[in-house]
Protein chains: 2
Amino acid sequence: MRSYGQYCALAKALDLVGDRWTLLIVRELGLRGPSRYTDLQHGLPGIATNMLADRLREMEDAGIVRRDAAPPPVATALFQLTERGQELVPVLFALGRWGTALMGERAEGDEFRTHWLKYPLEQLFADAAPSEPPVTIELRTGDQPIVVEATGGAVRTHPGGADKPDAVVTGEPDVVIGLLKRRLDLREAKRRGLRVDGDAKALRRLQPLG
Amino acid sequence: MRSYGQYCALAKALDLVGDRWTLLIVRELGLRGPSRYTDLQHGLPGIATNMLADRLREMEDAGIVRRDAAPPPVATALFQLTERGQELVPVLFALGRWGTALMGERAEGDEFRTHWLKYPLEQLFADAAPSEPPVTIELRTGDQPIVVEATGGAVRTHPGGADKPDAVVTGEPDVVIGLLKRRLDLREAKRRGLRVDGDAKALRRLQPLG
DNA sequence: CGGCATCCTCTTTGATACTG
DNA sequence: CAGTATCAAAGAGGATGCCG
């Protein structure tokens, strides 16, 4: 990106991260930690392969990304955020929070990856009953399942299936999100193809913030 | 901007505000309030006139900007942020804070406008002596003077000259900023052409945060 | 003068094919 | 797997013209 040529902190920040795709690459690296090139491509549907290569090089030059040779069994390059790059995560939170208002119906053709839910779930929800025993909810709604845990006041997630979940929620991403954010009630969500197995009351532990 | 086509809050936000210049236009409108087209141009050195017109139209469609006909004596259009647009201000703060680390020497050819200092001064400084009487400092460093007031724990600014300032600081923007952020001491700043008239100790009231 | 619209050039992006 | 090469399309930048 050509520089804005303005002696202003915001403009200087945009000189480095204002390019198309750059902040989404930061999102991927923030969510996944050290990642292979192909994993990044999978998490960035729609990106052209030369774009990803260009951006990673520029971000390396900007001191946001570091490229390491992976240890022997893997033998491939791994990309990860530098410390300076990690400091961009609060920026993602601020922009993402602003963007949640835009997460209504899923537009036709919109891609979805389950791991994108991590930051929203952990940032924009609280555990409604901090003193109760933890609950575990498995969401099945994208390319892979994700486990959501409400424990001690906070919400944590990790990819994959749960061992003995209190509830399993299956459905389209926009319906699952609509239910969690309480824009849809359970009846309406079910009408839209959602299924809840196990204890539906466990869902009440996920308290939308803001 | 073409959509990323990703059902993700961050991607949806960037669909609306990820275009070149868009966030800087939000900065201007946030700093100035309702503004005329030409005032926006002045605060956005380097923007092409068609760019500004295009972006304002897109931002209007996106619900971020409202265009009003000004009341009779002015008889020109005024642009301002909608409520939704104002909600972007925390995003500017997050990105700007990240960008402050990039505010070292002013690169040759970098433009500067004094009013850009408002958010940094108010967000990134505190009043070091909340219980002391207020102090007023006038900065003369860009296209116009700006008054910085430390009062009751907080820092406030407004454009223009002060009535009876405790101190007046004159110099190049990067030197003034370096002094306030304490990357330069007074001796070094003076060597770089800075002048302080009045009570230099008043400057101690401006306490850099973070 | 304020507020754009047009025209043209140059750069960036995107799609696809190909390679070590 | 991890990119590079190529080419077409879209977007940005700059100059200038127009109109109330």
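Residue numbering restarts at 1 for every chain, and letters A, B, ... go by the order of the sequence lines.
In terms of position along DNA chain D, the nucleotide closest to A:Tyr37 lies nearer the 5' end than the nucleotide closest to the other residue of the pair A:Tyr37 and A:Arg2.
On a pure distance criterion of 3.5 Å, a polar donor-acceptor pair joins the side chain of B:Asn50 and the base of D:dG14.
Residue B:Trp21 has a polar side-chain atom (N or O) positioned under 4.0 Å from OP1 or OP2 of D:dG13. Residue B:Arg20 places at least one side-chain N or O closer than 4.0 Å to OP1 or OP2 of D:dG13.
Side-chain atoms of B:Glu122 and B:Thr157 include a donor-acceptor pair closer than 3.5 Å.
The separation between A:Met51 atom CE and D:dG11 atom C1' is 13 Å, rounded to whole Å. Atoms CZ (A:Arg36) and P (D:dG3) sit 12 Å apart, rounded to a whole Å. Atom-to-atom, OH of A:Tyr4 to C1' of C:dT11 comes out at 15 Å; the value is rounded to the nearest Å. The CG-P distance, from A:Leu52 to D:dT4, rounds to 10 Å in whole Å. As a whole-Å value, the separation of A:Ile47 CD1 from C:dT12 P is 16 Å. Between the P atom of C:dT11 and the CG atom of A:Asp19 lies a distance of 15 Å, rounded to the nearest Å. Rounded to an integer number of Å, the gap from CG of B:Leu40 to P of C:dC1 is 19 Å. One interatomic measurement links the two molecules: CE of B:Met1 to C1' of C:dT13, which rounds to 11 Å at whole-angstrom precision.
B:Tyr4 carries A:Arg20 over the face of its six-membered ring, with the cationic atom under 6.0 Å from the centre and within 45° of the normal.
The closest side-chain heavy-atom distance from B:Val168 to B:Arg140 is below 4.5 Å. Contact of the A:Asp19 side chain with the A:Arg55 side chain is registered, since non-hydrogen atoms from C-beta on lie closer than 4.5 Å.
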Using a cut-off of under 3.5 Å, enumerate the N/O to N/O pairs linking the protein to nucleotides 16-20 of chain D.
none

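Within a 6.0 Å sphere centred on CZ of A:Arg97, other residues, nucleotides and ligands contribute 12 heavy atoms or fewer. Enclosure of atom CG in B:Asp68 by more than 12 non-hydrogen atoms of other residues, nucleotides or ligands within 6.0 angstrom is indicated. Counted within 6.0 Å of CZ on B:Arg182, heavy atoms from surrounding residues, nucleotides or ligands total more than 12; the atom is thus considered enclosed.
Partners of A:Asp127 according to the salt bridge (Lys or Arg N to Asp or Glu O under 4.0 Å) rule, which considers only residues two or more places apart in sequence or in another chain, are A:Arg205.
Results of the side-chain contact (heavy atoms from CB on, under 4.5 Å) test with A:Leu52 over A:Asp54, A:Thr49, A:Asn50, A:Leu56 single out A:Leu56 as the only residue that passes.
Contacts of residues 53-68 of chain A with DNA chain D (heavy atom under 4.0 Å): A:Ala53, A:Arg57, A:Arg67.
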